[in-house]
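Numbers for residues simply follow the sequence, beginning at 1.
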Amino acid sequence: MRDRNPLFSTNDGSSARHNQITSAEAEVAHLPEERILNTDVDALVGYFVQKYAVEVPELDLNNVSASEHERQIEVYDHWDKRSVRVPGTAFDFEIPFTGEAQIFFMRPNSWDTGPPYAEVRSGMVCFTIADRQLTQEQIKAGFERTRDSIQKYLNWHREMWAGLEEDVARRVRVRIEERRGRLLKQKELASGLSSLGIKLKEKDSDSKTFVPPTVKQKIQPRLPPMRPAVKPEPTLDQGQYETILSLISGAGRSIEQSSSRTRALDEEALRDMLLVPLNAHFGNATGEAFNCNGKTDILIRHEGANLFAAECKIWGGDKHLQDAIDQLLSYLHWRDTKAALVVFNRNKDFSSVLEKLKSLPAKHVAYVSGPKNLDESSFQFILALPQDAERKVTVSVLAFDLGDQ
């Protein structure tokens with residue numbers, strides 16, 4: 001006597017595996033633009049791998065239970081050539097399992113003509129050994145036959161589902177990179193409308209910052225007005241400045257997401273992590289470069305001229321910040337108009353640190369105006385150069401939290 005329902009026979013497992021991958025790709029296609037542009041690619045791929053992973057069930061054979069019942073059972077009457085119900089004995093077995101219950105209803109790539117008969121309910125595989133009369137040998141043989149058949153099909157499923165996470169990661173990464181590339185190209189085309197005097201409406205979903213692409217881009221500086229007998233020097237236009245801040249912001253958020261591994265790094269190591277996307281994007285960002293009165297942490301140059309300078313600091317209190325501003329300003333030439341101060345926090349209460357980063361620059365002797373909020377942890381100020389108070393420089397303060405050690 002056996003249960004009426006064969007397992008591993010209802011749906012096609014190969015199609016289900018394919019659907020896991022295509023469903024992940026479809027979800028990428030419908031993510032908001034801000035999510036695609038503003039999320040670390042590796043972290044986003046990891047999310048989809050985790051979401052669409054499939055856990056093939058594992059039987060817990062150490063906790064099998066059984067119950068014995070007197071029960072009317074169905075047998076075949078060969079004389080009357082029909083099924084009849086007669087008194088008999090039944091042993092109901094329950095095997096706990098962990099994993100995806102749906103796997104029990106899917107046919108793997110390998111299969112045979114004798115699938116096991118059982119029911120799946122509430123984390124249990126349930127089946128019955130029943131007959132008019134049963135011996136211990138019959139019960140044992142019937143249990144082992146069904147158990148081994150279920151294990152065989154689960155092993156076939158394990159072979160079929162192997163490599164799913166790698167397949168999802170590969171296909172999702174391709175879709176993310178394709179979409180990021182299209183969106184960045186779209187925004188690049190849209191930014192060109194300003195040269196035609198066309199004002200582009202901003203969508204609510206537009207991202208203010210985004211993680212940089214890996215394709216190198218030549219920096220396009222804007223030349224100042226021509227002066228007779230004076231060779232013009234390039235300056236950094238606002239669009240490129242915002243791109244640089246976006247690259248630093250994206251890299252900083254990636255560092256935040258890996259704070260368990262990065263919180264102990266020193267300023268130089270953290271600076272080097274910021275240089276990676278800047279070099280990937282522009283190809284000419286350097287660290288610890290001589291500029292004016294010292295070495296600045298990050299410097300972007302074009303045709304021998306300095307276009308952007310930044311200083312990286314671990315938060316060390318009010319005076320430490322004022323000293324960092326002094327240091328950054330001392331590195332700037334008269335023609336430098338845009339810079340940044342990157343602050344990494346290892347203290348508790350990041351919110352109080354952000355409040356100080358918003359208020360303390362206003363107490364500096366070079367303060368002119370600000371802050372202008374760029375996002376919840378980035379602010380922008382206008383400061384005067386120490387060698388010429390009439391010459392103003394835009395300084396953006398970008399803060400990232402590494403967590404408390």
Side-chain angles (χ1 to χ4, degrees), residues 40 209 211-212 241 244-282 284-301 306-333 336 338-358 360-361 364 366 371 374-381 383 386 393-405:
D40 178 76
T209 61
V211 181
Y241 181 52
I244 291 171
L245 297 180
S246 297
L247 297 175
I248 295 175
S249 180
R253 289 193 173 96
S254 296
I255 293 172
E256 285 182 326
Q257 293 171 358
S258 305
S259 60
S260 61
R261 300 191 299 271
T262 58
R263 65 166 61 99
L265 297 179
D266 59 18
E267 291 174 358
E268 182 178 357
L270 292 169
R271 177 210 62 199
D272 289 345
M273 296 179 74
L274 299 181
L275 284 171
V276 172
L278 290 172
N279 265 315
H281 202 77
F282 298 115
N284 56 354
T286 59
E288 284 292 319
F290 282 99
N291 193 43
C292 199
N293 295 323
K295 288 184 177 180
T296 182
D297 278 340
I298 296 173
L299 186 65
I300 296 179
R301 298 173 61 83
N306 300 332
L307 294 179
F308 172 83
E311 190 70 10
C312 299
K313 295 295 181 183
I314 305 294
W315 171 254
D318 299 13
K319 185 178 185 305
H320 190 259
L321 178 66
Q322 301 289 13
D323 291 342
I325 295 174
D326 286 337
Q327 185 178 6
L328 177 63
L329 292 177
S330 73
Y331 294 156
L332 302 181
H333 290 280
D336 294 332
K338 297 176 180 68
L341 179 62
V342 182
V343 179
F344 293 96
N345 173 62
R346 289 181 179 148
N347 297 347
K348 294 180 179 178
D349 196 4
F350 186 45
S351 295
S352 67
V353 173
L354 292 178
E355 287 302 317
K356 290 189 175 183
L357 292 177
K358 289 175 66 175
L360 287 174
H364 195 276
L374 301 179
D375 59 41
E376 60 184 356
S377 62
S378 301
F379 320 103
Q380 199 167 86
F381 301 84
L383 304 179
V393 59
T394 300
V395 175
S396 296
V397 180
L398 294 83
F400 305 102
D401 187 32
L402 302 183
D404 180 44
Q405 284 187 293

Going through the checks in order, is the side chain to side chain contact (heavy atoms under 4.5 Å, CB included) test met by Gln380 and Val395? CA-CA 6 Å; Gln380 199 167 86; Val395 175; over 6 Å; no

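Contact annotation: the side chain of Cys312 approaches that of Leu274 to within less than 4.5 Å [non-hydrogen atoms, C-beta and beyond]. Residues Ser377 and Leu398 form no side-chain contact, since every pair of their non-hydrogen atoms from C-beta on lies 4.5 Å or further apart. Side-chain atoms of Leu374 and Ser396, non-hydrogen and from C-beta on, do get closer than 4.5 Å to each other. Looking at Leu321 and Trp315, their side chains come closer than 4.5 Å, going by heavy atoms from C-beta outward. No side-chain heavy atom of Leu402 sits less than 4.5 Å from a side-chain heavy atom of Asn345.
The main-chain N or O of Leu341 is never found under 3.5 Å from a side-chain atom of Glu311 such that the two would form a donor-acceptor pair. Judged purely by atom type and a 3.5 angstrom limit, Tyr241 has no side-chain atom pairing as donor or acceptor with the backbone of Phe308. Side-chain atoms of Ser330 come within 3.5 Å of backbone atoms of Gln327 as a donor-acceptor pair (strictly under, hydrogens ignored). Checking side-chain atoms of Ser352 against main-chain N and O of Asp349 turns up a donor-acceptor pair under 3.5 Å.
Checked for salt-bridge contact, Lys356 and Asp318 meet the test: a charged N lies under 4.0 Å from a carboxylate O. A salt bridge is absent between Asp326 and Lys319; no separation between the charged side-chain nitrogens and carboxylate oxygens falls under 4.0 Å.
Exactly one residue among Val343, Val342, Ile255 makes a side chain to side chain contact (heavy atoms under 4.5 Å, CB included) with Phe400. That residue is Val342.
Of the inter-residue distances, the one linking His364 atom NE2 with Asp323 atom CG reads 8.5 Å to the nearest 0.5 angstrom. Here the CZ atom belonging to Phe350 is positioned 7.5 Å from the CG atom belonging to Leu357, to the nearest 0.5 angstrom. Atom CG in Leu383 sits 8.5 Å away from atom OG1 in Thr394 (nearest 0.5 Å).
Partners of Glu267 under the side-chain contact (heavy atoms from CB on, under 4.5 Å) rule, at least two apart in sequence or in another chain, are Lys313, Ile314.
Heavy-atom minimum distance, Ala340 versus Leu328: O-CD2, 3.6 Å. Nearest approach of Leu360 to Gln322, heavy atoms of both residues: O-NE2, 3.1 Å. Of all the heavy atoms in Ala399 and Ser378, the pair that sits closest is N-OG, 4.5 Å.
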